[in-house]
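Everything on this sheet refers to the single structure shown next.
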There are 2 protein chains.
Amino acid sequence: MTRASSRRPGPPTRTERGIPEATVARLPVYLRALTALSDSGIATASSEDLATAAGVNSAKLRKDLSYLGSYGTRGVGYDVEYLRYQIAREIGVTQDWAVVIVGIGNLGHALANYSGFGTRGFRIVALLDADPTLVGERIGDMEVRDFAQLEEIVEADRVSIGVITTPAGPAQDVCDRLVAAGVTSILNFAPVVLSVPDGVDIRKVDLSIELQILAYHEQRKSGEAALPQVPELPALNGMPDLPSVGGGVGA
Amino acid sequence: MTRASSRRPGPPTRTERGIPEATVARLPVYLRALTALSDSGIATASSEDLATAAGVNSAKLRKDLSYLGSYGTRGVGYDVEYLRYQIAREIGVTQDWAVVIVGIGNLGHALANYSGFGTRGFRIVALLDADPTLVGERIGDMEVRDFAQLEEIVEADRVSIGVITTPAGPAQDVCDRLVAAGVTSILNFAPVVLSVPDGVDIRKVDLSIELQILAYHEQRKSGEAALPQVPELPALNGMPDLPSVGGGVGA
DNA sequence: AGGAGCTTGTGAACGTGAGAACAAAATCGG
DNA sequence: CCGATTTTGTTCTCACGTTCACAAGCTCCT
């Protein structure tokens with residue numbers, strides 16, 4: 001999304017050390033599938049096996065893997081451990097990334113409690129909150145620190161990834177501070193559109209949006225006939241009482 | 001994704017009461033932007049205003065809205081309240097959807113505590129867990145109930161949406177039970193690929209995948225020169241010690 | 001050694017999505 | 001009442017993503 005590099009015309013211009021965004025988004029899924037296979041003691045897997053485990057079709061998987069190189073063997077399949085290492089290296093999780101979590105509400109709390117953030121490759125170096133009553137609280141083996149210490153921590157620990165789990169209100173300010181401190185990747189759980197300068201990547205996770213997408217499809221399944229086919233057109237400013245939809249989900 | 005209805009050829013065949021998936025995913029964002037504008041007392045907004053608030057470009061926004069109908073006025077813009085109602089109706093959040101949350105670990109706990117799940121249009125009717133030591137615990141104004149009561153609850157409250165916040169292990173079983181009980185939309189936080197029959201929509205939220213996508217881009221920013229351009233090829237089964245990447249994030 | 005049988009890697013066709021650009025329609029000022 | 005101005009709705013074009021289909025390449029069996 002944020003990475004749509006503008007390239008010159010001609011052929012799809014795939015490589016050039018650039019992997020399509022859609023493929024990048026699936027690599028972690030393949031990585032997990034490979035880990036599962038490896039844990040089951042399976043040493044070799046065909047694209048069909050892998051695709052099943054990852055929930056995609058095999059042609060797509062093969063094409064995705066082809067962007068990384070030719071790591072399979074025709075007639076045989078892929079060496080699970082080898083491919084796993086190659087994908088991990090390509091994604092960048094063979095090294096450790098320092099992460100700070102800002103906003104220790106319900107959600108921040110929950111994330112902090114994930115064992116090592118659930119995934120190797122990432123290391124939570126600080127839990128930050130501006131609320132003095134939270135500072136000092138222990139969560140697992142960490143202690144909540146004052147948001148004012150952000151710059152200091154980012155510099156000391158070379159933090160490149162920030163997770164925002166504050167309410168919508170302060171999210172943009174927190175984001176600006178993170179960016180100013182040198183953070184270049186942000187995972188945002190606050191229900192707002194954050195704006196960041198070029199060179200900073202941002203991804204958003206929004207529970208209420210996911211639910212609303214499900215609701216749309218749900219409505220088309222059950223409704224189909226129960227819905228007015230011609231959209232009812234209440235006179236301007238005269239529509240029925242409307243609940244405040246679209247509200248926030250932030251911690 | 002799950003809703004790729006196969007249609008006959010010809011023109012893009014947009015309407016037919018079908019809105020492109022990419023557009024559906026943005027409607028909730030527009031809804032939130034409209035709510036914000038409405039709360040600021042703004043009665044009318046141009047596509048440019050709205051697009052800025054929603055973080056998209058105005059041409060895309062106009063095209064998205066055109067799938068719903070002609071709700072704007074040329075030379076003027078859109079009536080904020082009116083458009084908000086139309087989008088809410090199209091998404092389906094003018095009615096209330098009953099939701100159950102299964103798996104009251106850290107994350108389930110956090111979700112349960114969101115005020116009314118953060119968004120009107122959805123109503124949490126039950127928090128379920130199979131762990132007897134959790135059953136009976138009060139969270140907000142709700143009480144954790146036994147997972148065994150699932151079918152009963154789904155039927156009684158006409159639950160159509162289920163949220164899975166269990167660890168990876170039991171997730172598929174929970175999913176099967178939900179589907180069997182009559183749930184037709186699932187929001188999955190467990191780090192596994194769930195398989196569901198046709199007619200059931202599933203969406204996945206996966207923190208570790210989001211982080212890994214950020215890591216990939218981060219690596220290309222900082223690495224670029226520090227990385228071996230030619231992928232190092234450790235002999236088969238002879239690669240360096242590899243941390244167990246791709247692990248889970250489940251509660 | 002040679003052919004049969006698999007499975008990968010990729011070229012080509014197709015479908016979906018994004019953005020530029022413009023004609024149609026509404027308001028407003030004179 | 002008419003023309004200038006604004007802004008929508010839509011068409012067209014291009015880029016991206018997915019899927020099909022098959023040649024290339026590897027292994028195994030005879």
Side-chain angles (χ1 to χ4, degrees), chain A residues 1-16 18-27 29-30 42-52 54-80 82-83 86 236, chain B residues 1-16 18-27 29-30 42-52 54-80 82-83 86 236:
Chain A
M1 258 283 160
T2 319
R3 294 260 100 194
S5 53
S6 59
R7 309 203 202 86
R8 50 199 147 61
T13 322
R14 47 166 143 275
T15 45
E16 196 181 86
I19 297 175
E21 194 55 36
T23 296
V24 170
R26 282 186 294 264
L27 290 180
V29 180
Y30 302 155
I42 296 174
T44 301
S46 70
S47 62
E48 200 68 53
D49 299 335
L50 266 176
T52 304
V56 301
N57 88 26
S58 63
K60 182 148 60 179
L61 180 132
R62 285 200 302 278
K63 177 155 283 200
D64 284 342
L65 293 185
S66 78
Y67 293 126
L68 311 192
S70 279
Y71 295 142
T73 308
R74 295 172 192 228
V76 178
Y78 301 89
D79 180 278
V80 171
Y82 182 58
L83 182 58
Q86 293 300 339
L236 262 191
Chain B
M1 264 315 160
T2 318
R3 294 260 100 196
S5 53
S6 59
R7 309 201 201 88
R8 50 198 147 65
T13 323
R14 48 167 145 273
T15 45
E16 195 181 88
I19 296 176
E21 195 55 36
T23 296
V24 170
R26 283 187 293 266
L27 290 180
V29 180
Y30 303 156
I42 296 173
T44 301
S46 70
S47 62
E48 200 68 53
D49 299 336
L50 265 175
T52 302
V56 301
N57 90 24
S58 62
K60 182 148 61 179
L61 180 132
R62 285 201 301 279
K63 185 180 282 197
D64 284 342
L65 293 185
S66 78
Y67 292 127
L68 310 192
S70 280
Y71 294 143
T73 307
R74 295 172 194 229
V76 178
Y78 300 90
D79 181 278
V80 171
Y82 181 59
L83 182 58
Q86 293 299 340
L236 262 192

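Below, all heavy atoms of this structure are taken into account, side chains as well, without hydrogens, waters or symmetry copies. Naming convention: chains lettered A, B, ... in sequence-line order (proteins, then strands); numbering from 1 in each chain.
Here C:dG19 presents its P atom at 13 Å from CD of B:Glu48, a figure rounded to the nearest Å. The interatomic distance linking A:Asp64 (CG) with D:dT19 (C1') rounds to 12 Å, in whole Å. The distance between atom OH of A:Tyr82 and atom P of C:dT8, rounded to the nearest whole Å, is 16 Å. Rounded to whole Å, the distance from OH on A:Tyr71 to P on D:dC26 is 17 Å. Residue B:Leu68 contributes atom CG, which lies 15 Å from atom C1' of D:dT10 at whole-angstrom precision. To the nearest angstrom, P of D:dA15 lies 18 Å from CD of A:Glu21.
The side chain of A:Ser47 approaches C:dT8 more closely than any other nucleotide in the set C:dT8, D:dT7, D:dG9. With distances taken from any side-chain atom of B:Pro20 to the nucleotides D:dT7, C:dT27, C:dG17, the minimum falls on C:dG17. If you check D:dG9, C:dT8, C:dG19 against the side chain of B:Asn57, the one that comes closest is C:dG19.
An OP1 or OP2 oxygen of D:dC16 is reached within less than 4.0 angstrom by no side-chain nitrogen or oxygen of A:Tyr67. Not one side-chain nitrogen or oxygen of B:Tyr78 sits closer than 4.0 Å to the OP1 or OP2 atom of C:dA26. The side chain of A:Arg26 contributes an N or O atom lying less than 4.0 Å from OP1 or OP2 of D:dT18.
Here the straight-line distance linking atom OG1 of B:Thr73 with atom OH of B:Tyr82 works out to 9.5 Å at 0.5 Å rounding. B:Thr23 contributes atom OG1, which lies 5.0 Å from atom CZ of B:Arg26 (distance to the nearest 0.5 angstrom). Atom CG of B:Leu27 is separated from atom CG of B:Asp64 by 6.5 Å, given to the nearest 0.5 angstrom.
Looking at which nucleotide of DNA chain C each of B:Lys60 and A:Gly69 is closest to, the 5′-most match is held by A:Gly69. Between A:Ala22 and A:Arg62, the residue anchored closer to the 5' end of DNA chain D is A:Ala22, taking for each the nucleotide with the nearest heavy atom. A residue-by-residue look at A:Thr23 and B:Thr73 shows that B:Thr73 has its nearest nucleotide of DNA chain D further toward the 5' end.
Between A:Tyr30 and A:Val56 there is a side-chain heavy-atom pair separated by less than 4.5 Å.
For a distance-only test at 3.5 Å, the side chain of A:Lys63 qualifies as a donor-acceptor partner of the base of D:dT19. Applying the 3.5 Å distance criterion, the base of C:dT8 shares a donor-acceptor pair with the side chain of A:Arg74.
Using modelled atom types, one finds no donor on one side chain facing an acceptor on the other under 3.5 Å when comparing B:Asp49 with B:Thr52.
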